[in-house]
*Asks:* 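One structure, as structure tokens, below. Some questions next.
Index from 1, following the sequence.
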Amino acid sequence: MRAYNEYVNTVRNRLRNYKQFEITIENLKAGIAAKEDDLRSDVNAPISKYGDMPSGGKPELNAVESAAERHMMIRREIDADLHAIAEIERAMEMIERSIAGLNDVDQRLIKGHYFDGLTWEELGSELYYSEKWARERAGKAVKQMAGMIFGPKAVGRPVQTQFVFTS
């Protein structure tokens with residue numbers, strides 16, 4: 001089981017790396033497009049030769065098998081890249097949903113610091129508070145986000161469900 005701080009640190013790391021996630025997805029998609037172009041343009045399949053050679057078309061068939069193996073390898077790479085994109089997009093969606101669940105001030109603090117690169121001092125000044133207040137309030141917001149992303153275990157509380165029955 002992960003410790004409480006690990007969940008909060010995971011959220012902070014995802015926030016810090018959010019812009020890099022976007023770039024990674026773009027680069028993976030460009031790589032997939034290039035690999036798909038390679039597959040489309042690789043139509044150089046040799047044809048078996050029949051003639052006086054004792055081994056017949058064996059060298060050409062090995063080349064065909066080699067090309068097929070290369071295509072399968074490229075397709076596995078594309079599948080791995082698609083899987084990586086899906087994982088990154090899922091993490092980004094969780095971050096976006098949890099930010100949307102914060103109040104306006106907390107959203108501004110999180111977006112301002114992690115996405116816009118503003119300092120806590122700048123954000124505190126913008127919101128008419130101190131640097132310390134901005135940092136502490138954002139820390140609480142990150143903890144809230146950890147709870148939204150990972151559930152009650154992330155904020156150090158057991159899951160408590162209360163049912164109300166009416167007749």
*Asks:* Please list, chain by chain and in numerical order, all residues satisfying salt bridge (charged side-chain N to carboxylate O under 4.0 Å, His left out) with Arg76, sequence neighbours excluded.
*Replies:*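 Salt bridge (charged side-chain N to carboxylate O under 4.0 Å, His left out) check on Arg76 returns Glu69.
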
*Asks:* Who passes salt bridge (charged side-chain N to carboxylate O under 4.0 Å, His left out) against Glu96, sequence neighbours left out?
*Replies:*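 Salt bridge (charged side-chain N to carboxylate O under 4.0 Å, His left out) list for Glu96, sorted by chain: empty.
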
*Asks:* By side chain to side chain donor-acceptor pair (under 3.5 Å), which residues pair with Arg70, not counting sequence neighbours?
*Replies:*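 Only Asp42 meet the side chain to side chain donor-acceptor pair (under 3.5 Å) criterion with Arg70.
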
*Asks:* Within the 4.5 Å heavy-atom criterion, are Val11 and Phe150 side-chain neighbours or not?
*Replies:*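 Of all side-chain heavy-atom pairs linking Phe150 with Val11, at least one is under 4.5 Å.
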
*Asks:* Sort and list the pairs that fulfil ring pair (Phe, Tyr, Trp, His ring centres under 6.0 Å) and have at least one residue in residues 75-110, not counting sequence neighbours.
*Replies:* none

*Asks:* Can you list every pair that meets salt bridge (charged side-chain N to carboxylate O under 4.0 Å, His left out) and has a residue in residues 7-22, with sequence neighbours left out?
*Replies:* none

*Asks:* Just to verify, what does Leu82 make a side-chain contact (heavy atoms from CB on, under 4.5 Å) with, not counting sequence neighbours?
*Replies:*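 Residues passing side-chain contact (heavy atoms from CB on, under 4.5 Å) with Leu82: Ile32, Ile78, Asp79.
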
*Asks:* Kindly state each residue pair satisfying ring pair (Phe, Tyr, Trp, His ring centres under 6.0 Å) with at least one member in residues 88-118, sequence neighbours excluded.
*Replies:* Tyr18-Phe115, His113-Trp120

*Asks:* Return the set of residues passing side chain to side chain donor-acceptor pair (under 3.5 Å) with Glu126 (not counting sequence neighbours), or none when no residue passes.
*Replies:* Arg108

*Asks:* Suppose the criterion is side chain to side chain donor-acceptor pair (under 3.5 Å): which pairs have a residue in residues 23-36, not counting sequence neighbours?
*Replies:*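 Every side chain to side chain donor-acceptor pair (under 3.5 Å) pair that includes a residue of residues 23-36, provided the two are not neighbours, is Lys35-Asp81.
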
*Asks:* Name all residues meeting the salt bridge (charged side-chain N to carboxylate O under 4.0 Å, His left out) criterion together with Asp37; count only those two or more places apart in sequence or in a different chain, and write none if there are none.
*Replies:*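 Partners of Asp37 under the salt bridge (charged side-chain N to carboxylate O under 4.0 Å, His left out) test: Arg40.
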
*Asks:* Who pairs with Arg97 by salt bridge (charged side-chain N to carboxylate O under 4.0 Å, His left out), at least two apart in sequence or on another chain?
*Replies:* none

*Asks:* Would you tabulate the side-chain donor-acceptor contacts of residues 132-141 under 3.5 Å, counting partners in other chains and residues two or more places apart, or write 'none'?
*Replies:*
from   : atom 1 : to     : atom 2 : distance (Å)
Arg135 : NH2    : Glu131 : OE2    : 3.0
Arg137 : NE     : Asp106 : OD1    : 2.6
Arg137 : NH2    : Asp106 : OD1    : 3.4

